[in-house]
Amino acid sequence: MFDVIKTYKECLDAGKTERECVRLATSMAEEAGYKPLEDFLNGEKGLKAGDKVYVTYNEKAMALFHMGKESLEKGMNILGAHVDSPRLDVKQNPLYESDGLAYLDTHYYGGIKKYQWVTVPLALHGVIVKKDGTKIDVVIGEKEDEPVFAVSDLLVHLSGQQLEKTAAKVIEGEKLDLIIANTPVEGEEKDAVKQNVLNILKETYDVEEADFLSAELEIVPAGKARDMGLDRSMIMAYGQDDRICAFTSLMAILDIETPDRTAVCLLVDKEEIGSCGASGMESRFFENAVAEVADLAGCKGDLALRRILANSKALSSDVNAAYDPMFPEVFEKKNSSYLSKGLVFSKFTGARGKSGSNDANAEYLAELRNVMDANDVKYQMAELGAVDIGGGGTIAYLLAKYGMEVIDSGLAILCMHATMEISSKADICEAVKGYTAFLTDIK
Ligand code: MN
Ligand code: MN
């Protein structure tokens, strides 16, 4: 247990953006014997049982396949999770100066309570791609001796009017700009602080202001994942939605022996904004990857591809809302998930009358119960909150499009989408066990 938790925290620290996560997962996969698809495309042997292959999309999405002993047409066991998390993105024309402070203008990504992002130390992660294609990796604010950044909030002494506003309006989207400097360049009259920032960027990264146009810079809470509680039973960290499921899925697939059914781990981007885009689950990235793998495995043509997908079984792994005793009014106790009570299964998600939900089949639920019990996996069955209070979606309905069996599963966390989210160490170990059982024992 100690090793898994230690590795999890290290992965959270090293993977705070979707790109960082996919890069990290790629290196972990290669260490476990996975090879890029291109290696097989260029070879002559095709794919056979025991082969391990991965496909990536622009450092943002990834699919890993551990080829099984049975024909691919009988279907695959798929663990799907997402590696993007709510954050502030830097706009394309971001840099400006106002009254002696230099700022980066931002546009938030995903569902956040904006007031949570003020007066906390923030770090800048991402890439700047210059016109000639040179890609510069940026990470500022994570090491002890590096500076951090911040979004300001109004002092309480002058907040009479602000505190009358509703929580949604206390801090508005255009007020989430990041303070990045305060020192002017000597002798400059206009925008001297901004000029100082440009000088530092030129010196450190050899970039111009225009290079922000082709940059993807993400602002995330600075600092490392921490143990939480006197008993150290929990973990407090940014981005556990959904890296906790991505990590436990990856741990499971990297550790199994050659399975009967081909095992798949799918890590996708853009879930937090609706799974759209080429790196999100709505894209054909995964389908294309399966088509390539199928072809190499000797399952040729469109019909074979359809059979493989339709005969597959999936866990759409995403976090669930842990019951919070401070807010009992939004939960229904019998059908809530709890910290440290094991892997969570949700037959359906959605809002109101299950709107937008994939509703898993009872037959599939029965098989999962059987496999989890046989492997001594602790699990709980839950919905996200009480009826008509809210709701949420995952990538489940997009996998379900192919006609495969899909169910939402994942881990319970407190304070989902907050700058710091809280998970249970016991659940992490249970999830690795449960996901392993799913990959090896589901028929
Ligand atoms: Mn999620
Ligand atoms: Mn989320």
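Both ligands and their constituent atoms are indexed starting at 1 by order of listing.
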Study note, to complete from the structure: Applying salt bridge (charged side-chain N to carboxylate O under 4.0 Å, His left out) to Glu332 and not counting sequence neighbours gives Lys334

Revision key, fill the gap. The salt bridge (charged side-chain N to carboxylate O under 4.0 Å, His left out) partners of Asp295 (sequence neighbours excluded) come to Lys300

Check your understanding: Hey, does the side chain of Glu142 reach the backbone of Gly223 with a donor-acceptor pair shorter than 3.5 angstrom?
Key -> yes

Point to revise | Ser214 side-chain N/O to Val129 backbone N/O, donor-acceptor pair under 3.5 Å | key: yes

Check your understanding: Can you tell me if CG on Asp231 sees more than 12 non-hydrogen neighbours from other groups inside 6.0 Å?
Key -> yes

Check your understanding: Counting no waters, how many protein N/O/S atoms sit under 2.8 Å from the Mn ion (ligand 2)?
Key -> 4

Check your understanding: Among all residues two or more places apart in sequence or in another chain, which pass the side chain to side chain donor-acceptor pair (under 3.5 Å) test with Asp137?
Key -> Arg23

